[in-house]
Amino acid sequence: MKLPEQEKAAYRAAFRTMSPGEKLEHIFTYYKWPILLGLIALVILGSALYRNLTKKEPVLYLAFANVAVGEDLEQTLTGDFLLSLGADPKREEVYLYRDLYLSDNADTLNHEYAYASRMKLMGAVQAQKMDVVVMNGEAYDLLSRSGYLLPLGELPGLDEAALRQRLVSNEVTLSDNAIEYQLGEAEEHEVQTETVINALALEGLPLYERAGFPEPVYLGVIANTTHTETAVSFLCYVAEAAQP
């Protein structure tokens, strides 16, 4: 209800005669909800604005499968790589998937972790938010057999001649009637495979030696990558530019 002007003037006069403490108490008593709602709206607006101003655009999605890396190697593969591209680290990033564990022989303790890692990998691949993976031999075998890795000969701009000594091949499953065989719909379990060049062996590179990996490590490109040119640049950077 709208107050008459005379009554408004009386309220204003009474408010002016109050002490500072009384004024605060009066404001809090009668206007606390509008003030609180306004503050909440300001916090939400400020948070959204901050996220937009500080959000980084991924130029490459990089995963580590069954491989642990230290801070120095991570910096080499992220910040230093961005600088080699001429990218702005304040606005762009190499997005990391750390600590993925892939195994067909996970024991009871690691089974749930292996399952969660596989689901995370599948989700990222389906969303086209995974481009390159650094992996040990077990993860390489699994990803290769499942068809997750791009044949490196299909990468435009990749100088295979310069990298030929480090390119390696693995089996890719073309067909597998395991389900039909288990259901008794097939007399024999038949698997058709082909051998494809689909990874770069890192063993012997300065980057590999400095990291001190206890086993062979490989670098592959995910088959449905949306950052093909950047993936090529990354392979060349790791194989040639990441020198001591």
Query raised in the report: Given a cutoff of under 4.5 Å between side-chain heavy atoms of I, L, V, M, F, W and Y, with clusters grown through shared members, what are the other residues clustered with V196?
Result: V172
Query raised in the report: Hey, what do you get for CG (L205) to CZ (R210), rounding to the nearest 0.5 Å?
Result: 9.5 Å
Query raised in the report: How about L100 and M130: do any of their side-chain heavy atoms sit closer than 4.5 Å?
Result: yes
Requested in this report: Please report the shortest heavy-atom distance between L167 and I197, naming the atom on each side.
Outcome: CB-CG2, 3.8 Å
Query raised in the report: What is the distance from atom OH of Y101 to atom OH of Y113, rounded to the nearest 0.5 Å?
Result: 10.0 Å
Report summary line: Interatomic distance, CG@L82 vs CG@L60, rounded to 0.5 Å, equals 9.0 Å
Report task. Output the distance between atom CD (E138) and atom CD (E215), rounded to the nearest 0.5 Å. Result -> 8.5 Å
Taking distance alone, no hydrogens or angles, what donor-acceptor pairs closer than 3.5 Å link side-chain atoms of residues 63-70 to residues at least two apart or in another chain?
unit_1, atom_1, unit_2, atom_2, d
N66, OD1, L102, N, 2.7
N66, ND2, L102, O, 2.8
N66, ND2, N136, OD1, 3.3

Query raised in the report: Pairs in or reaching into residues 217-233: which pass salt bridge (Lys or Arg N to Asp or Glu O under 4.0 Å), with residues at least two apart or in two chains?
Result: none
Query raised in the report: Quick one: side-chain contact (heavy atoms from CB on, under 4.5 Å) partners of S233, sequence neighbours excluded?
Result: F81, L85
Report task. Without swapping roles, check the side chain of K129 against the backbone of Y61 for a donor-acceptor pair under 3.5 Å. Result -> no
Requested in this report: Rounded to the nearest 0.5 Å, what's the gap from CZ on F234 to CG on D131? Could you check?
Outcome: 10.0 Å
Requested in this report: Look at R98 together with E74 and state whether they make a salt bridge at an N to O cut-off of under 4.0 Å.
Outcome: yes
Query raised in the report: For N198 and N170, does a side-chain donor sit closer than 3.5 Å to a side-chain acceptor?
Result: no
Report summary line: Minimal heavy-atom distance between T230 and V59, with the atoms involved, is CG2-O, 3.5 Å
**Report entry** Donor-acceptor contact below 3.5 Å, side chain S146 vs main chain Y148
**Finding:** no
Query - E92 versus A87, closest heavy-atom pair with distance - result: OE1-CB, 3.1 Å
Requested in this report: Report the C-alpha separation of V238 and L77 in whole Å, then their side-chain angles, then the decisive distance to 0.1 Å, and conclude whether the side chain to side chain contact (heavy atoms under 4.5 Å, CB included) test is met.
Outcome: CA-CA 8 Å; V238 169; L77 298 178; 4.0 Å; yes
Report summary line: Here the side-chain hydrogen bond (donor to acceptor under 3.5 Å, both in side chains) pairs for residues 114-128, sequence neighbours left out, are D104-R118
Query raised in the report: How far apart are the closest heavy atoms of L219 and M135, and which atoms are they?
Result: C-CE, 4.1 Å
Report summary line: Between the OH atom in Y95 and the CG atom in L62, the distance rounded to the nearest 0.5 Å is 12.0 Å
Query raised in the report: Around atom CD of E71, are there more than 12 heavy atoms of other residues, nucleotides or ligands at under 6.0 Å?
Result: no
Report task. Quick one: do V221 and L149 satisfy side chain to side chain contact (heavy atoms under 4.5 Å, CB included)? Show the steps, please. Result -> CA-CA 6 Å; V221 178; L149 301 179; over 6 Å; no
Query raised in the report: Is there a chain of hydrophobic side chains (I, L, V, M, F, W, Y, each step under 4.5 Å between heavy atoms) that links L235 to L83?
Result: no
Query raised in the report: Do other residues, nucleotides or ligands put more than 12 heavy atoms under 6.0 Å from D72 CG?
Result: no
Query raised in the report: Do you know which two heavy atoms are closest between S84 and Y237, and how far apart they sit?
Result: OG-CD1, 3.8 Å
Query - Same cluster (ILVMFWY, side-chain, under 4.5 Å), L174 and L142 - result: no
**Report entry** S144 and E171 side chains, donor-acceptor separation under 3.5 Å
**Finding:** no
Requested in this report: Could you tell me which non-hydrogen atom of A124 sits nearest to which non-hydrogen atom of Y97, and how far apart they are?
Outcome: CB-OH, 3.6 Å
Requested in this report: Using the salt bridge (Lys or Arg N to Asp or Glu O under 4.0 Å) rule, collect all pairs that involve residues 216-228, keeping only residues at least two apart or in two chains.
Outcome: none
